[in-house]
Trainee: 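First, the structure itself, so that you have it in front of you.
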Amino acid sequence: MQIVLIEGDGIGPEVTGAACRVVAAAGVRIDWVKAPAGAQAAEQLGEPLPEQTLEMIRRYRVALKGPCTTPVGKGYRSINVRLRQGLDLYASVRPVRTLPGVKTPYEQVDLVVVRENTEGLYSGLEHQVVPGVVESVRLVTRAAAERIVRYAFEHARHAGRRLVTFCHKADVMRLSDGLFLECARAVADEYPFIRFEEKTIDNVCLELALDPSGFDVLVMENLFGDVISDLAAGLVGGLGLVPGANLGSRSAVFEAVHGSAPDIAGKGLANPVAVVRSAAMMLGHVGHRPAGEAIERAVVSTLEKGVGLTRDLGGDGTTATITEQIIKNLGA
Ligand code: NAI
């Protein structure tokens, strides 16, 4: 089976390398087709997201991706945003759950953040009106709003989840989130067997901080989803743990929530768990669910035993030691 591999920048090659080792150890043979993207691609090829990379993902349909660096406030547009828009990977799915052995203020967090990935404030429609005044367009279309909420309900249905919370700010952004909310209500009516609730995004933040255990599936627009994904990751032990998928009707790109972590890049300190778990999700997507589940169990067992863990998990190990432990625990 051929799957595209984007190693990415910073800690990207270290953590994707670890994930490839774990997948091989789980007994799934993949011919990784390497595709360039990120700051390194920009430097070497003059283009951070070469068309050939998009073509490869269109062709092979599935990719595992490391994080890519985006310059702040200057330079090229976010590769991640372009990739998601270019391949119409409209649903970002991030399962967030408490893991054994990872100290957090809460137990029993088990939720999924579903984020609209192609529009909202990340639509890339920004311009300067006059010097000192800029406008950023917050794009909401009925088609995209309905399909993301429908995705959230379908996900809930397949995963046996009972509640979908739509997060919005329709009281202030009356037109854009007003339309989104209207679409969410209409789609929710198609699923009378799944509970639906609507909450303002600020209220959701408060409730997540006070008691996240009440949430199940959360669905929202792009920017809110970006912020809530990181917040939710923090609730279960940090960015190094949470996996993610960007799904479209044709292609899928699996990647961690975290970025390229330039502060620890090249030092062997990166926690590969989030990318390893993203690879496990990817295996489920391509028909290797048992191998994906075995990897997830091996990660849980590694965290439980607490041997070889990286610093962010309170250990004194490295990317290599935790990867070895995950591989060792695959057989357990
Ligand atoms: P970041 O996630 O790279 O780092 C935030 C903090 O978390 C840092 O202290 C870092 O050391 C730590 N951290 C992140 N991942 C870790 C891991 N696996 N193991 C141990 N510690 C980890 O976020 P930041 O600093 O805001 O972004 C850095 C770059 O990454 C930026 O250029 C940003 O645009 C890019 N980025 C890319 C993403 C992607 O490709 N999907 C997602 C988020 C950010």
Side-chain angles (χ1 to χ4, degrees), residues 4-19 22 35-43 48-49 53 57 63-87 89 92-94 99 102 113 115 117 122 124 222-223 225-234 236-247 252-279 281-282 299 302-303 308-323 326:
V4 175
L5 176 66
I6 297 173
E7 292 181 311
D9 300 311
I11 60 170
E14 299 165 65
V15 289
T16 54
V22 174
Q40 221 181 341
E43 227 171 84
L49 183 60
T53 295
I57 302 174
L64 181 67
K65 176 182 165 296
C68 295
T69 301
T70 303
V72 178
K74 58 180 168 61
Y76 52 83
R77 263 185 77 209
S78 164
I79 296 143
N80 301 311
V81 173
R82 281 175 57 198
L83 190 69
R84 291 162 194 165
Q85 288 174 345
L87 297 169
L89 304 172
S92 157
V93 183
R94 287 166 178 182
L99 292 161
V102 181
V113 180
R115 157 186 173 193
N117 232 357
Y122 291 2
N222 213 338
L223 169 66
D226 195 4
V227 176
I228 294 294
S229 299
D230 277 27
L231 168 57
V236 296
L239 291 172
L241 294 170
V242 178
N246 297 293
L247 307 173
V253 176
F254 293 81
E255 64 177 339
V257 172
H258 64 73
S260 55
D263 51 336
I264 56 166
K267 297 181 180 162
L269 298 176
N271 178 358
V273 165
V275 177
V276 168
R277 296 179 75 206
S278 303
M281 282 175 83
M282 182 200 78
V299 167
T302 303
L303 296 171
L309 303 188
T310 43
R311 287 188 199 173
D312 58 308
L313 297 173
D316 58 3
T318 62
T319 313
T321 59
I322 190 170
T323 306
I326 295 169

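Order of appearance sets the numbers: ligands from 1, and atoms from 1 within every ligand. Reckoned from all heavy atoms, side chains included, excluding hydrogens, waters and symmetry mates. Because the structure is predicted, anything quoted here is derived from the model rather than measured. Along the sequence shown, residues carry numbers from 1.
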Trainee: Find all atoms of ligand 1 within a distance of less than 4.0 Å from any non-hydrogen atom belonging to Thr69, and give their numbers and elements.
Mentor: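 Within the 4.0 Å cut-off of Thr69, ligand 1 contributes 32 (O).
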Trainee: Counting only N and O atoms by type, is there a donor-acceptor contact under 3.5 Å from the side chain of Thr321 to the main-chain atoms of Gly308?
Mentor: yes
Trainee: Hey, what do you get for CG (Leu241) to CG (Asp312), rounding to the nearest 0.5 Å?
Mentor: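 Those atoms lie 6.5 Å apart.
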Trainee: Run the numbers for me: atoms of ligand 1, each under 4.0 Å from some heavy atom of Lys65, listed by number.
Mentor: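 In order of numbering, the contacting atoms are 39 (C), 40 (O), 41 (N).
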Trainee: On a heavy-atom basis, I'd like to know which of Val257, Thr310, Asp263, Asp312 is closest to atom 11 (O) of ligand 1.
Mentor: Asp263
Trainee: Using 0.5 Å steps for rounding, measure from the CD1 atom of Ile322 to the CG atom of Asn271.
Mentor: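 Between Ile322 CD1 and Asn271 CG, I get 5.0 Å after rounding to 0.5 Å.
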Trainee: Heavy atoms only: which of Gly38, Cys68, Gly12 lies closest to atom 37 (C) of ligand 1?
Mentor: Cys68
Trainee: Could you say whether the N/O atoms of Leu269 and ligand 1 ever approach to under 3.5 Å?
Mentor: no
Trainee: Given Leu239, Val15, Leu241, Ile264, which one has a non-hydrogen atom that is nearest to atom 22 (C) of ligand 1?
Mentor: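 That would be Ile264.
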Trainee: Counting heavy atoms only, which part of Pro262 comes closer than 4.0 Å to ligand 1: side chain, backbone, both or neither?
Mentor: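 It is the side chain that gets close, since no backbone atom is under 4.0 Å.
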Trainee: I'd like to check which ligand 1 atoms, numbered from 1 as shown, lie under 4.0 Å from a non-hydrogen atom of Pro67.
Mentor: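 Counting from 1, the qualifying ligand atoms are 39 (C), 40 (O).
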Trainee: Taking 4.0 Å as the limit for heavy-atom contacts, which would you say applies to Glu255 with ligand 1: side chain only, backbone only, both, or neither?
Mentor: side chain
Trainee: Where do Val93 and Met281 come nearest, in terms of heavy atoms and distance?
Mentor: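 Distance-wise, the nearest heavy atoms are O-CE, 4.1 Å.
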Trainee: Is the closest side-chain donor-acceptor distance between Asn117 and Tyr122 under 3.5 Å?
Mentor: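 No.
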Trainee: Is there a polar contact, in the sense of an N or O pair closer than 3.5 Å, between Ser260 and ligand 1?
Mentor: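 Yes - when backbone and side-chain N and O of Ser260 are compared with those of ligand 1, one distance drops under 3.5 Å.
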Trainee: Go through ligand 1 atom by atom and flag the ones less than 4.0 Å from a non-hydrogen atom of Asn80.
Mentor: 37 (C), 38 (C), 39 (C), 40 (O), 41 (N)
Trainee: Indicate yes or no: does Arg311 engage Asp316 in a salt bridge with an N to O separation below 4.0 Å.
Mentor: no
Trainee: Hey, does the side chain of Asp9 reach the backbone of Gln40 with a donor-acceptor pair shorter than 3.5 angstrom?
Mentor: yes
Trainee: CG of Leu83 to SG of Cys68: how many Å apart, nearest 0.5 Å?
Mentor: 8.0 Å
